[in-house]
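Data first, discussion second: the structure below is written as structure tokens.
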Protein chains: 2
Amino acid sequence: MTGSPATPRERYRQQVRAEVKERAWGQIAEAGASALSLNAIARQMGMSGPALYRYFASRDELITELIRDAYRSLADTFRDTGSPEGTHPAALAQALRRWALDDPQRYFLVYGTPVPGYHAPQDITGIASEIMSTLLDAWMAAGPGEAPAGAAGALDEYLADHRPWATGHPAAPPAVLRRALTFWSRLHGMLSLELAGHFTGMELDPELFFAAEVDALSAR
Amino acid sequence: MTGSPATPRERYRQQVRAEVKERAWGQIAEAGASALSLNAIARQMGMSGPALYRYFASRDELITELIRDAYRSLADTFRDTGSPEGTHPAALAQALRRWALDDPQRYFLVYGTPVPGYHAPQDITGIASEIMSTLLDAWMAAGPGEAPAGAAGALDEYLADHRPWATGHPAAPPAVLRRALTFWSRLHGMLSLELAGHFTGMELDPELFFAAEVDALSAR
DNA sequence: TTATTTTCGTTAGATGCTGTAACTAGCATG
DNA sequence: CATGCTAGTTACAGCATCTAACGAAAATAA
């Protein structure tokens, strides 16, 4: 990574940008992304409002950058989980849950309610496919499982011909694609319900539920 | 329902409230709940900003009411799906998906990213348990399925003693509780990914995927 | 019918936000 | 040293929520 030209000006600039993001994460953790205020951040940093526009062209650009960092963080967490060849899907599941619980609002920035007009820039979709790729690696190692029954068979047939999201894994059989997809979707269901607080008051142990679902899919 | 006193004043009042909500739903559908503006609604209705505060104490109160209506709408949709005794879970799944696709932002108002500080009022949690109750009805009719394997057994043991969310169904065995819970969670995973657009660009037919998952759980 | 009270809408304004424009002080480079 | 770039400033436009004070209309009471 030969990134920064290391001129003092640029160093300072990156430092300020980093601090802005730091405080932005703080605000988001406290009151959600919709409550993020550039003015408030500027006040915290002892400068006046418009100064921050030297560093971020708009509030949206800052949020987009935070979303990018969130994706990057998840992709790295996935990549760093277990060995490159033999990662068990259950390990990825636990890593994902830890990552989500570590900062729920960061999770929601990636998988939460989207803004209707918003379209993620190209590089973010690239990171997203990195994440899917790691998931496919793990399920490739785990194997296709037993023969699909019922509608799963129909889905496998479909996936055999519609797999642009798995271009990095041309050797993966449709059953592996289906299992990875199913896995991802189920994890997301549990986590977003848990993080949104839909289990509170139900007296349900999310960890136990999570473990049961992971086990159900992993063992089959 | 002997609700309204039907005095002309009250009739007018309810009418204005209804129109405000109508336009609010329009705004939300276009730009999401965070972009909802009382001022803009007032402008559309040909009155000046503060007038609306005669009808809604604050922006938050309006949003809370919309959330309540969304919950109510889902509970009614569930209740009206199939017969009171013999509803198949798959029918509920399809009803839920139709309801979600019919107005994605309404879905997100119920199951999307929560505002950190927000606590839903009592009556909303009541409607939420109505929804769970309908789900439990359907799974009671479907039966407990085959014996649980692996971690599902541990979850069943836990659920036998932790079931305050199923007080309306004292006769439901733990396996039914688990299946209803799992069902709910998996549906939510697929729907929120679909509605948030995480399947677009993957060339994945959400309906086929949805059917496969519903089938996988229903048939077991 | 007349008088009183309640309700609905208005305008003015406090406060906070995003974002632009114009200007100044300081730093780096020629 | 002179020039230009950059990071900050203040001023301001525009829009948002929401409060306060006031006038008009409608419902109610005498």
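Given the structure is predicted, the values throughout are model-derived calculations rather than measurements. Residue numbers begin at 1 in each chain, while the letters A, B, ... track the order of the sequences.
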Exercise. Between C:dT11 and B:S48, is there an OP1 or OP2 to side-chain N/O distance shorter than 4.0 Å?
Worked result: yes

For this session: Measure up the A:Y111 and A:Y71 rings against each other and bin them: parallel (under 30°), tilted (30 to 60°), perpendicular (over 60°).
Result: tilted

Exercise. Does OP1 or OP2 of D:dT6 have a side-chain N or O of A:Y53 closer than 4.0 Å?
Worked result: no

For this session: Find the distance B:M45:CE to C:dT10:P and express it as a whole number of Å.
Result: 11 Å

For this session: For B:R43 and for B:R9, locate the closest nucleotide of DNA chain D by heavy-atom distance; then report the residue assigned to the nucleotide nearer the 5' terminus.
Result: B:R43

Problem set entry | Neighbour count above 12 (heavy atom, 6.0 Å) for A:E207 CD | no

Exercise. Between C:dG9, D:dT10, D:dA16, which nucleotide has the shortest distance from any of its atoms to the side chain of B:M47?
Worked result: C:dG9

Exercise. Among the nucleotides D:dG8, D:dC18, D:dA16, which one has an atom lying closest to any side-chain atom of B:A40?
Worked result: D:dA16

For this session: Classify the angle between the aromatic ring planes of B:H162 and B:Y158 as parallel (below 30°), tilted (30 to 60°) or perpendicular (above 60°).
Result: parallel

Exercise. In whole angstrom, what separates A:L52's CG from C:dT18's P?
Worked result: 9 Å

Exercise. A:N39 has an atom CG; how far is it from atom P of D:dT9, in whole Å?
Worked result: 12 Å

Exercise. Rounded to whole angstroms, how far apart are CD on B:E61 and C1' on D:dC18?
Worked result: 13 Å

For this session: Classify the nucleic acid contact of B:Y55 as base, sugar-phosphate or nothing, counting any heavy atom under 4.0 Å across all strands shown.
Result: sugar-phosphate

Problem set entry | Spacing between B:F56 atom CZ and C:dG9 atom P, to the nearest angstrom | 13 Å

Exercise. A:R13 near the nucleic acid: base, sugar-phosphate alone, or nothing, with a heavy-atom cut-off under 4.0 Å?
Worked result: sugar-phosphate

Exercise. B:L38 has an atom CG; how far is it from atom C1' of C:dG16, in whole Å?
Worked result: 16 Å

For this session: Report the distance from atom CZ of B:R59 to atom C1' of D:dC15, rounded to the nearest whole Å.
Result: 13 Å

For this session: Indicate the ring-plane relationship of A:H188 and B:H188, choosing parallel, tilted or perpendicular according to the 30° and 60° boundaries.
Result: parallel

For this session: Return the nearest nucleotide to the side chain of A:S37; candidates are C:dT18, C:dA22, C:dA21.
Result: C:dT18

Problem set entry | d(OH, B:Y12; C1', C:dC8) in whole Å | 8 Å

For this session: Taking the side chain as every heavy atom from C-beta outward, state whether B:T113 and B:F108 have any atom pair closer than 4.5 Å.
Result: no

